[in-house]
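Below: the structure, in structure tokens.
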Amino acid sequence: MDAILETQGLSKQFLGFTAVGDVSLSVRRGSIHGLIGPNGAGKTTCFNLLTKFIPPSSGSIRFNGRDITRMKPAEVARLGLVRSFQISAVFPHLTVLENVRVALQRQRGGSFDFWRSDSVLRRFDDRARELLEDVGLTTFAQRPAGELPYGRKRALEIATTLALEPTMMLLDEPTAGMTAEDVDRIVALVKRVAQGRTVLMVEHNLKVVEGLCDTITVLTRGRILAEGPYAEVSRNPEVVAAYLGSDPSIAGGSAHG
Amino acid sequence: MAGQATAFTAPTPHQSPGLPGLSLLGFNRAQSIAFLLLLAVLLVGPFVLYPVFLMKLLCFALFACAFNLLIGYVGLLSFGHAMFFGMGGYVAAHAAKVWGLSPELAILAGGAVGAVLGVVSGWIAIRRQGIYFAMITLALAQMVFFVCLQAPFTGGEDGIQSVPRGNFLGLFSLAPDMNMYWLVAGVFLAGFLLINRIIHSPFGQVLTAIRENEPRAISLGYRVDDYKLIAFTLSAALAGVAGGTKALVFGIATLTDVYWAMSGEVVLMTLVGGLGTVFGPVLGAAVIVSMQNYLAEFGAWVTVIQGCIFVACVLAFRAGIAGEVGRWLRVRL
């Protein structure tokens with residue numbers, strides 16, 4: 001199997017409490033991989049470990065054949081491993097267009113030229129508009145991002161992430177707190193942008209997971225309980241007991257939000 | 001910190017409905033008009049008002065603009081900017097008096113020492129955020145104050161006195177106030193325009209992104225500490241220039257300008273004028289310096305009045321003068 005992201009014995013302790021323990025995860029190149037588990041299972045900690053926003057207590061992480069265990073988050077992003085955030089992460093006082101452009105601006109390398117006019121950034125405007133069109137935000141281009149409705153902010157965030165042409169995207173609950181209509185739009189969007197990339201997503205909404213993910217990993221109490229295709233994992237009695245069984249809404253699909 | 005900083009920033013409309021004709025130097029239309037007004041005041045001012053008062057005002061205006069670059073556009077609240085301002089003053093005074101450097105070089109020396117101090121203190125301080133950042137800058141500034149109190153070249157309690165203004169480029173005597181005024185106005189204008197350029201540069205765009213959402217900026221691959229350090233250094237250098245200029249204007253460099261109260265004063269000026277606005281700090285400096293000048297006869301009461309104004313600003317005028325005016329007129333100043 002061609003794994004793009006691999007962890008070996010990844011652990012994180014907070015003051016003796018093991019949030020993530022001995023997680024060995026392997027994400028296949030080109031797949032959409034779901035990370036699920038009940039509240040407090042360590043999904044977000046795991047996610048923050050993978051994107052280097054918190055350092056692991058032990059274990060190692062390899063991305064695209066390179067050991068990234070000791071790297072800083074900005075460096076990991078430069079390698080093409082780009083994350084989103086659970087709470088929508090836009091730059092509220094910048095326009096929607098500028099939000100995407102700040103990401104495109106990364107192509108220049110470091111933007112340390114404080115003596116130059118920002119009109120040099122206009123060459124990114126066309127590409128920014130294309131990306132906005134891709135996520136259906138063209139009409140909002142000149143509005144401050146903070147004024148967008150929630151679902152649109154998430155779409156903007158994905159456009160901003162895509163601007164970096166990431167090899168792999170890590171999405172932290174992309175549909176959290178959305179209306180059903182927005183959920184469908186984001187699912188379609190993720191499916192489309194995942195072409196030619198790898199996606200790892202933390203997700204509560206099991207219907208979304210079922211529809212999108214090729215493989216899922218179930219975490220409970222910081223450990224991997226099961227891994228495999230949704231149909232297989234959802235029949236695993238341990239999983240049903242630990243997670244699905246405790247949640248009666250599984251039959252209907254949507255567990256949270 | 002970012003949250004607090006943006007809370008103070010006026011939620012202003014993003015596009016100014018624009019006659020395309022009037023937009024100077026990257027300013028929007030309203031800012032262009034304000035800038036022309038500012039130029040007019042700079043030109044007419046010394047014929048109407050006492051030039052020394054205006055020079056003092058301009059030095060503080062530049063200081064406040066430099067400070068605003070950090071708080072308004074990066075979201076970093078430094079509580080130690082007096083160290084750059086005061087140290088810039090000492091070094092410029094020493095350079096002019098002891099080394100006999102010409103005034104423009106003395107002022108540049110003040111800026112250089114501000115930059116060096118800025119790199120060192122910034123490198124230490126940017127590792128922390130919010131109130132911790134502010135406290136580290138305050139602590140470092142107190143250390144600089146102590147050095148200035150003890151070091152032989154600063155003259156301790158006396159400061160460096162009777163500093164000659166010298167000849168600009170070795171040619172024009174700056175002894176007459178009017179001559180000195182044009183130099184100060186030039187320095188102010190150059191600093192003001194440089195800051196405006198920094199804000200509207202590719203670098204400034206990243207700074208704004210960091211202020212707005214630092215984790216997101218990191219996740220886009222920006223090494224935010226590098227950006228913060230450069231911004232901090234630029235701000236410190238400009239504060240040093242302002243301090244150096246002030247020392248030459250008055251012919252004296254004293255402990256007052258490195259004291260922590262001076263760090264507080266620049267916060268006050270920027271808040272009163274409007275955080276994160278281009279013209280706000282100039283207005284804030286004008287208000288505070290005018291108050292100190294014209295209310296001087298009330299003695300210690302000036303501080304009380306200043307305190308009241310500060311409270312009033314925070315309660316009722318949160319976006320500062322420029323921020324509130326901008327909101328009424330629906331423009332960004």
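Being a predicted model, the structure only gives us computed values, none of them experimental. A note on names: the letters A, B, ... follow the listed sequences, proteins ahead of strands, and every chain is numbered from 1.
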(request) Decide yes or no on side chain to side chain contact (heavy atoms under 4.5 Å, CB included) for A:Ile4 and A:Thr167, but give the supporting numbers first. (result) CA-CA 9 Å; A:Ile4 186 166; A:Thr167 323; 3.9 Å; yes

(request) Below 4.5 Å from any heavy atom of chain B, which atoms of A:Glu147 appear? Answer side chain, backbone, both or neither. (result) neither

(request) Considering only heavy atoms and a distance below 4.5 Å, find which of A:Gly146, A:Ser84, A:Ala163, A:Ser111 pairs most often with chain B. (result) A:Ser111

(message) Taking side chain as everything from C-beta outward and backbone as N, CA, C, O, which of these in A:Phe112 sits under 4.5 Å from a heavy atom of chain B? Side chain, backbone, both or neither.
(response) both

(request) Considering only heavy atoms, give the residues of residues 120-135 of chain A separated from chain B by less than 4.5 Å, sorted numerically, with 'none' for an empty result. (result) A:Val120, A:Leu121

(request) Run the ring-centre check on A:Phe114 versus B:Tyr227 and record whether the distance is less than 6.0 Å. (result) no

(request) Would you give the length of the straight line joining atom NE2 of A:His33 to atom OG1 of A:Thr217, rounded to the nearest 0.5 angstrom? (result) 2.5 Å

(request) Verify whether one side chain among A:His93 and B:Thr208 offers a donor that lies under 3.5 Å from an acceptor in the other. (result) no

(request) Go through the atoms of A:Val90 and report whether side chain, backbone, both or neither lie under 4.5 Å from a heavy atom of chain B. (result) backbone

(message) Any salt bridge linking B:Lys228 with B:Glu214? Criterion: basic side-chain nitrogen under 4.0 Å from a carboxylate oxygen.
(response) yes

(request) Find the one option among B:Gly204, B:Ala231, B:Pro215 whose heavy-atom pairs under 4.5 Å with chain A are most numerous. (result) B:Pro215

(message) At a 4.5 Å cut-off on heavy atoms, which part of A:Thr51 comes close to chain B: side chain, backbone, both, or neither?
(response) neither

(message) Evaluate B:Asn213 against A:Phe85 for side chain to side chain contact (heavy atoms under 4.5 Å, CB included), listing each step before the verdict.
(response) CA-CA 11 Å; B:Asn213 193 332; A:Phe85 292 82; 5.8 Å; no

(message) Less than 4.5 Å to any heavy atom of chain B: does that hold for the side chain of A:Thr161, its backbone, both, or neither?
(response) both

(request) Measure distances from B:Leu207 to the heavy atoms of chain A and classify the residue's part below 4.5 Å as side chain, backbone, both or neither. (result) neither

(request) Before accepting this row, confirm whether a basic side-chain N of the pair A:Glu75/A:Arg78 lies closer than 4.0 Å to the acidic partner's carboxylate O. (result) no

Below 3.5 Å, can you tabulate the donor-acceptor pairs from side chains in residues 218-225 of chain B to any protein atom, sequence neighbours excluded?
| residue | atom | partner | partner atom | Å |
| --- | --- | --- | --- | --- |
| B:Ser219 | OG | B:Arg216 | O | 2.9 |
| B:Ser219 | OG | B:Arg216 | NH1 | 3.1 |
| B:Tyr222 | OH | A:Val102 | O | 2.6 |
| B:Tyr222 | OH | A:Arg106 | N | 3.4 |

(request) Give the ring-plane orientation class for B:Phe232 versus B:His81, where under 30° counts as parallel, over 60° as perpendicular and anything between as tilted. (result) perpendicular

(message) Using a 6.0 Å cut-off, check whether atom CZ of A:Arg66 has over 12 heavy atoms from anything other than its own residue.
(response) no

(message) Tell me which of these, A:Asp113, A:Val76, A:Leu79, has more heavy-atom pairs under 4.5 Å with chain B than the rest.
(response) A:Asp113

